Amino acid sequence: MRLSRYFLPVLRENPSEAQIVSHRLMLRAGMIKQAAAGIYSWLPLGFKVLRKLENIVHEEQIRAGHIPMLMPTLQSADLWRESGRYDAYGPEMLRIRDRHDRDMLYGPTNEELITDIFRTHVGSYKDLPLTLYHIQWKFRDEIRPRFGVMRGREFLMKDGYNFDLTKEDALHAYNRHLVSYLRTYERMGLQAIPMRADSGPIGGDDTHEFLVLAETGESEVFYDSAVTDIRLGEREIDYDDVAQCRAVMEEFTALYARTDETHDAALFAKIPEARRRSARGIEVGQIFYFGTKYSEPMGATVQGPDGAQVPVHMGSHGIGVSRLVGAIIEASHDEKGIIWPEGVTPYHCGIVNLKQGEDAADAACERLYGALVAAGLEPLYDDRDERAGGKFATMDLIGLPWRITVGPRGLKNGVVELTSRRTGQSEELPPEAAVARLVEIYAGQPDPAGV
RNA sequence: CGGGGCGUGGCGCAGUCUGGUAGCGCACCUGUUUUGGGAACAGGGGGUCGGAGGUUCGAAUCCUCUCGCCCCGACCA
């Protein structure tokens, strides 16, 4: 993309409404514009990151054997009356009436809808196990939205639902989700720690929240510092391997890590003092096993091998996709702006032409641009007739992890400059070598393909 | 919802107390000179002051109502 043809309305000054860094930077980098309290338009740069996260989630869910679909944002109140949650959910649920005076709602979650789909079409144990998920906009009418997309009213969320014949099968689904979530967050350059959590309005027995440590997090968390040393890394996962998934789950949840809701001071005190940590965290996902809580009242049963109708065991799992954009920025920025992890960056690198309009510099940039595109990378070329300082400041603000600087001085020696946004380290090298380096860097960060 | 605050050009703000018909910085447009970390000078475009009603010869400024947004709290992915 050439910046002169793009739409990137960056702000030089901080909008007064933004209090926390991710909100400020998203506004300044031209990623979002507020449409109403807690509701945002996603401008091109923000949309690109959002789509990338969405696609990573899709890839990892499909890898785990889960099946993508799409349910509507608006739902009928009838299903919610059936599950008993129409009254239980409270004013957070946005209720709407249509022209025929029917009670509707903008879905805050989808257990009812999915259960209805399931009971209509699934009747046999032979159809199990089944895990369906979708990525869709949700609405929760927060009393007080704040922190930009981190705590908006409208938010994009992946939510999935597993249906299993037995509790053991459902617990494997739980573990499978835990592992797939770990992979998902690691690909996004985040460390999200699974913590024993409270089940809240969803209800259920087993539940873990995934928290990204950040000073601006809304939850207080307590953990054994050793948990932050555990990584999934490159290990091979077989999602059908019950023992392996359980082993990974146990590895990641054995050490003490809890939010304030479930914090147990006595247990916490047993951790060696040097490893006891309390901090703040941003919740970016949660998984539940809730047994037959919905299947029973809503009649989601299958016929077992013995001919008996049995309610299915279910779980649900969510990832706050739009919130993750903010969470990543909270975890990765400096005073100049955002620093995107390679796995989620909207463009792989920036090209800064220091002498726009000069034939040699223009031609070198065009060649470089072409070579990067040919190599399968997406560069953002700042071809505006701006001064160097302005171009650098924009690049720093929007946070592309790599920048290639092209100027007459370097070109005289046949080199360009490759700079890491994270470290600030620069290296002078021939253009072809810079392209080769970037190809190498991104070889370990394949672009997500989407559904 | 309780408490506090704010709505003046795209962004940040002054002007409101003490009514006289809108101003500054950034951004934007034109020109000249500049050009390796947010240039300088000159010229220029854009707002009727969140909305409605009222008081007044006259309202961004005063009064009433209303809408929106932000902060603290309870609530929450």
Side-chain angles (χ1 to χ4, degrees), chain A residues 7 9-20 23-24 27-28 30 33-39 43 89-93 107-110 135-159 181 192 197-202 207-212 217-219 259-261 281-288 316-327 336-337 352-358 361 382 384-397 403 405-412 416-417 419 424 426 428:
Chain A
F7 179 65
V10 300
L11 265 29
R12 195 155 165 178
E13 284 169 285
N14 281 321
S16 58
E17 79 250 28
Q19 301 300 310
I20 64 166
H23 190 194
R24 268 203 310 270
L27 288 166
R28 285 196 53 209
K33 181 181 188 305
Q34 179 166 304
I39 301 176
L43 306 183
Y89 221 95
E92 254 182 36
M93 185 154 75
T109 175
N110 291 270
I135 298 179
Q136 177 63 290
W137 292 94
K138 309 281 191 294
F139 195 92
R140 289 183 197 169
D141 199 357
E142 298 284 342
I143 296 169
R144 189 178 154 221
R146 60 186 121 173
F147 305 153
V149 301
M150 296 246 292
R151 176 102 180 269
R153 293 194 292 172
E154 188 185 46
F155 55 97
L156 187 65
M157 181 174 165
K158 172 263 166 180
D159 51 318
Y181 278 27
D198 198 48
S199 61
I202 309 278
T207 178
H208 280 90
E209 281 180 341
F210 291 78
L211 285 112
V212 173
E218 76 277 48
S219 312
T259 65
D260 50 1
E261 294 164 332
I282 301 167
E283 193 191 324
V284 293
Q286 187 162 9
I287 55 177
F288 301 88
S316 77
H317 335 87
I319 294 181
V321 179
S322 51
R323 151 175 281 212
L324 271 167
V325 180
K336 292 183 204 160
V352 168
N353 185 347
L354 292 172
K355 196 87 176 176
Q356 204 71 45
E358 192 207 61
D382 191 344
R384 297 171 305 162
D385 189 17
E386 287 289 322
R387 303 164 64 83
K391 292 188 176 187
F392 288 140
T394 298
M395 284 296 173
D396 289 344
L397 174 63
R403 184 187 78 211
T405 308
V406 179
R409 213 157 70 194
L411 288 177
K412 251 179 249 166
V416 296
E417 195 176 83
T419 307
S426 284
E428 295 206 323

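Chain A is the first sequence line, chain B the second, and so forth, proteins listed ahead of strands; every chain is numbered from 1. All values below were derived from every heavy atom in this structure, side-chain atoms included, with hydrogens, water molecules and symmetry-related copies excluded. Model, not experiment: these values are computed from the prediction.
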**Q** Could you measure between the two P atoms, the one in B:rA40 and the one in B:rG25, and give it in whole Å?
**A** 12 Å
**Q** Searching all strands shown, indicate the nucleotide that pairs with B:rG12 (Watson-Crick or G-U wobble; both distances under 3.5 Å).
**A** B:rC24
**Q** Any strand counts, and the cut-off is 3.5 Å on both contacts for Watson-Crick or G-U wobble. Which nucleotide pairs with B:rU30?
**A** B:rA42
**Q** Which heavy-atom pair separates A:Thr109 from A:Arg140 by the least distance, and what is that distance?
**A**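 Distance-wise, the nearest heavy atoms are CB-NH2, 4.1 Å.
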**Q** If you measure from the P atom in B:rC13 to the same atom in B:rC71, how many Å do you get, rounded?
**A** 14 Å
**Q** At under 4.0 Å, does any side-chain N or O of A:Arg12 touch on OP1 or OP2 of B:rG38?
**A** no
**Q** Which nucleotide wins on minimum distance to the side chain of A:Glu17, given the candidates B:rG12, B:rC1, B:rG36?
**A**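 Given the options B:rG12, B:rC1, B:rG36, the side chain of A:Glu17 is closest to B:rG12.
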**Q** Looking only at atom P, what distance separates B:rU48 and B:rC11, rounded to whole Å?
**A** 14 Å
**Q** Is any side-chain nitrogen or oxygen of A:Arg387 closer than 4.0 Å to OP1 or OP2 of B:rA39?
**A** yes
**Q** Going by the angle between their ring planes, with limits at 30° and 60°, are A:Phe210 and A:Tyr181 parallel, tilted or perpendicular?
**A** tilted
**Q** Please tell me which of the listed nucleotides, B:rC69, B:rC75, B:rG12, lies nearest to the side chain of A:Ala36?
**A** B:rC69
**Q** Nearest to the side chain of A:Asp396 - B:rG37, B:rG36, B:rG38?
**A**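 For A:Asp396, the side-chain atoms sit closest to B:rG37.
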**Q** Can a side chain N or O of A:Gln34 be found less than 4.0 Å away from OP1 or OP2 on B:rC70?
**A** yes
**Q** What interatomic distance, in whole Å, is found between C1' of B:rG45 and the corresponding atom of B:rG31?
**A**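 After rounding to an integer number of Å, I get 15 Å for this pair.
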**Q** Among B:rC76, B:rC70, B:rG12, which nucleotide sits nearest the side chain of A:Glu218?
**A**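 Of B:rC76, B:rC70, B:rG12, B:rC76 is nearest to the side chain of A:Glu218.
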**Q** With a 4.0 Å limit, can you tell me whether A:Arg146 has a side-chain N or O closer than that to the phosphate oxygens OP1/OP2 of B:rG73?
**A** yes
**Q** Can you identify which nucleotide, out of B:rC69, B:rC26, B:rC13, has its nearest atom closest to the A:Ser16 side chain?
**A** B:rC13
